[in-house]
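Worksheet for the structure shown next.
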Amino acid sequence: MSTGESSRTVQVAVPTPLYRCFDYDLSAGQSAPPGTRVQVPFGRRRLVGVVTSQDAAADQRPRKCVEAVLDDTPIFGAEDRALIEWTARYFAAPIGEVYSLALPVRLRAGQSAAWSAPQAWRLRDDHPTPARLGRRQQAALDALRDGALGEDELRARSGLDRRGVERLSALKLITAAEDASPAAAGTAARLSDAQAAAVASLTARLGQFSASLVDGVTGSGKTEVYLAVAAEVIARGGQVLVLVPEIGLVNSMADRVRARLGRSPRVLHSGLSDGERAEQWLAARAGAADVVIATRSGVFVPMPRLGLIVVDEEHDGSYKQEDGCRYSARAVAVWRARQRAIPIVLGSATPSLESLQLVQAGQCERLVLPGRAGAAVLPSVRLVDVRAHQLEHGLCHESLTAMTEHLQAGGQVLVFLNRRGYAPAVLCHSCGWVADCHRCDAHLTLHRARNRLCCHHCGLEAAPPDRCPDCGDRNFVGAGAGTERLEHALARRFAGFPVLRIDRDTTRRVGELDARLARAASGEARILVGTQMLAKGHNFPNLSLVVIVDADQGLFSADFRAGERMAQGIFQVGGRAGRAQRAGEVLIQTHHPDHPLLQQLVRGDYGGFARMALAERHETALPPASHLVLLRAESTDTDRPLEWLREAATVGRQLFHDSVSIWDPTPAPMARRAGRHRAQLLLECARRAPLQSGLPAWIEALANLRNSRKLRWSLDVDPQSML
DNA sequence: AGCACGCCGACT
DNA sequence: GTCGGCGTGCTC
Ligand SMILES: [Zn+2]
Ligand SMILES: [Zn+2]
């Protein structure tokens with residue numbers, strides 16, 4: 001420990017939920033420029049932190065010393081640090097936690113960042129005729145037929161792991177090579193006029209900041225546009241970062257990149273092992289990857305030659321992290337592009353209202369790709385009024401009739417319902433008792449195949465009761481329908497037409513989602529039943545009818561974005577109907593056929609819906625016409641969250657500028673969840689600056705409020721879900 | 001968040 | 001007597 005002024009003092013961001021950095025002294029011989037990982041004593045612990053700056057300490061207080069410098073050269077460059085620090089400020093997150101977020105687990109723990117280019121392998125000239133090879137081993141040998149490949153490329157193409165490659169070497173089938181052969185030439189698809197125009201427009205703007213919205217349905221060729229521009233960026237020596245909203249889309253995007261550019265991209269997602277993730281991250285940072293495909297947290301990966309960012313399915317809510325550090329990878333990506341002065345391409349068939357607002361304001365260029373069926377235009381849409389109609393396991397007669405027609409004509413039918421399980425409630429037919437979760441304000445969902453009652457909000461599972469706890473009868477009925485029930489009912493009703501269910505329950509096992517999607521895409525399955533999952537980025541060429549089982553969920557939600565999300569879901573899933581020879585049809589079952597949102601959907605173009613929704617947001621002063629910050633609080637104590645939020649509101653009214661309106665605290669739409677009572681407080685302002693500038697002081701005041709340690713609280717800047 | 005310290009009730 | 005409940009304070 002030392003005291004006094006020193007030019008050898010560094011400021012370190014440590015992985016704790018604290019908003020400031022801490023000063024440490026460097027010992028003689030130590031060098032730790034900003035961006036370097038250091039091991040430091042912190043209280044009674046020792047932590048790995050990142051040096052953020054090197055100013056001489058202003059105060060005289062005693063300081064501890066850096067115990068070890070973990071990097072020879074800073075692991076984060078100046079641009080990376082600026083991005084991380086902007087994220088911490090914008091989303092009001094503790095600086096050390098954002099640094100942690102930006103690092104793969106292994107490197108967070110202090111593992112060496114040394115990285116060397118992967119070993120290259122080639123076929124042995126004298127390789128023996130192999131006795132028996134596995135499918136992957138054979139794929140590896142085939143991949144090497146055209147020349148030497150780096151181990152990363154070999155593994156990506158064959159599916160072998162490190163030990164698999166070693167075995168091929170031990171079998172004397174392959175041997176180390178000096179260098180990988182140059183990338184094979186990729187195959188460029190012939191571009192439509194609209195695609196070529198989009199590519200030309202984007203290519204013309206390389207090397208400076210611009211935001212573009214590529215607007216086109218699945219199958220309209222958005223990906224070819226991204227990849228054509230990416231090829232140009234790479235040809236000029238740049239790197240490309242492609243963000244996708246979920247793991248399930250990484251592989252198909254990687255396949256497209258390989259086919260188009262002749263080289264496998266690096267990938268970053270939570271499905272990788274810790275070691276693999278660090279390897280991919282370090283390769284990207286070394287500039288060894290031309291293309292990186294990543295999910296959310298990949299937006300922070302250092303890329304020294306970054307020349308283009310693509311955010312695919314930019315409207316997708318998965319880009320917002322909903323726990324811990326609540327940041328939006330889409331927002332971070334836009335800022336990163338601006339900072340680096342490179343183009344960012346946002347792709348979607350159903351753009352977020354935020355993006356459309358940017359287009360209207362002239363800050364984002366819109367490039368429309370008309371698909372074969374027109375850009376984001378639904379085929380014939382019909383509202384099915386289910387009021388006063390008998391529902392057969394959730395489907396009414398009109399829908400079933402339409403299904404029969406399409407199936408008999410050889411079409412494929414998709415039945416969309418955003419509700420897993422057999423029945424969303426189980427009740428006693430004798431006395432009306434309902435099986436509720438004792439930890440949440442929610443009914444338990446019946447999962448019939450497993451014979452369990454499950455709470456979808458807290459994970460509670462229970463065996464169905466033998467007798468009604470109130471009246472003792474054994475007269476239970478499942479109320480309402482989930483995907484499991486639809487699957488059963490449809491398999492019965494349409495015997496001879498294979499039914500395939502795709503939801504989280506049927507795709508738990510690894511590879512099961514891909515296997516089911518393949519059966520769906522091939523047309524082998526004639527009736528598809530599924531949730532959200534089915535709506536994300538997959539193409540089903542034989543689809544001719546889409547049935548939306550329950551459109552009412554999105555109409556009267558406490559979340560003002562529910563309607564937007566529902567419309568996006570319907571356009572995403574409905575837009576897939578009828579791309580084949582057959583004319584497509586979309587049926588929407590509802591109790592509210594006169595609702596303006598549904599009336600707008602019937603007209604069949606997303607643009608019309610979006611204009612209406614945007615106008616509504618302006619009238620109600622909600623995003624993107626205004627900016628929000630949501631303060632949530634939860635506690636096992638019933639009243640504490642609301643009481644605490646009232647104090648928070650009082651403090652806020654003193655702290656924030658008058659233009660910030662601070663609403664009254666309210667219980668969350670689901671007031672109790674996992675045994676905790678939840679409440680929230682909303683701040684709204686037409687301009688972002690007054691909101692943003694008051695946050696640091698407010699956070700400090702909140703932490704010092706009495707009772708702050710007796711409940712959990714968190715701040716959500718630009719909340720995506722209000723529930 | 002961790003991880004201490006400190007002060008009170010209830011156990012071998 | 002001390003074991004442990006959690007309220008409070010601090011981390012360079
Ligand atoms: Zn529950
Ligand atoms: Zn009963």
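By convention in this document, chain letters (A, B, ...) are assigned in the order of the sequence lines, proteins followed by strands, and residues within each chain are numbered from 1. What you see below is based on every heavy atom in this structure, not just the backbone, and it leaves out hydrogens, waters and symmetry mates.
Nucleotide dT11(C) holds its P atom 19 Å from the CD atom of Glu97(A), rounded to whole Å. Put simply, CZ on Arg44(A) is 17 Å from P on dG9(C), counting in whole angstrom units. Put simply, CD on Gln11(A) is 16 Å from C1' on dT11(C), counting in whole angstrom units. Computed from coordinates, the Gln39(A) CD to dT11(C) P distance equals 20 Å when rounded to whole Å. The distance from atom CG of Asp23(A) to atom P of dT11(C) is 12 Å, rounded to the nearest whole Å. For Leu18(A) and dC12(C), the CG to P distance is 11 Å, given to the nearest whole Å. For the pair Leu711(A) CG and dC6(C) C1', the interatomic distance rounds to 15 Å; values are reported in whole Å. Rounded to a whole Å, the CG atom of Leu47(A) is 12 Å from the C1' atom of dC12(C).
Salt bridge status for Arg266(A) with Asp152(A): present, with a side-chain N to carboxylate O gap under 4.0 Å. Ion pair Arg565(A)/Asp559(A) flagged as a salt bridge, since at least one NZ, NE, NH1 or NH2 atom sits closer than 4.0 Å to an Asp/Glu carboxylate oxygen. Taking the charged nitrogens against the carboxylate oxygens, Glu79(A) and Arg340(A) do have a contact shorter than 4.0 Å, which makes a salt bridge.
Atom CH2 of Trp663(A) has 12 or fewer neighbouring heavy atoms from other residues, nucleotides or ligands inside a 6.0 Å radius. Other residues, nucleotides and ligands contribute over 12 non-hydrogen atoms within 6.0 Å of the CG atom of Asp274(A).
The side chain of Lys710(A) lies closest to dG7(C) when the candidates are dG7(C), dT11(C), dC12(C).
Within the structure, every side-chain polar atom (N or O) of Arg63(A) is placed at least 4.0 Å from both OP1 and OP2 of dT11(C).
Note on Pro15(A): nothing from the nucleic acid sits closer than 4.0 angstrom, heavy atoms only. Tyr24(A) comes within contact range of the sugar-phosphate backbone alone, with a heavy-atom separation under 4.0 Å but no base atom that close.
Residue-to-nucleotide contacts include a donor-acceptor pair under 3.5 Å from the side chain of Arg709(A) to the base of dG9(C).
Between Tyr327(A) and Phe300(A), the two ring planes are tilted [angle within 30° to 60°].
Nucleotides of DNA chain B that come within less than 4.0 Å of any heavy atom of chain A span, from the 5' end to the 3' end, dA1(B) to dA4(B).
Looking only at atom types and distance, the side chain of Arg419(A) has no donor-acceptor partner in the side chain of Thr531(A) under 3.5 Å away.
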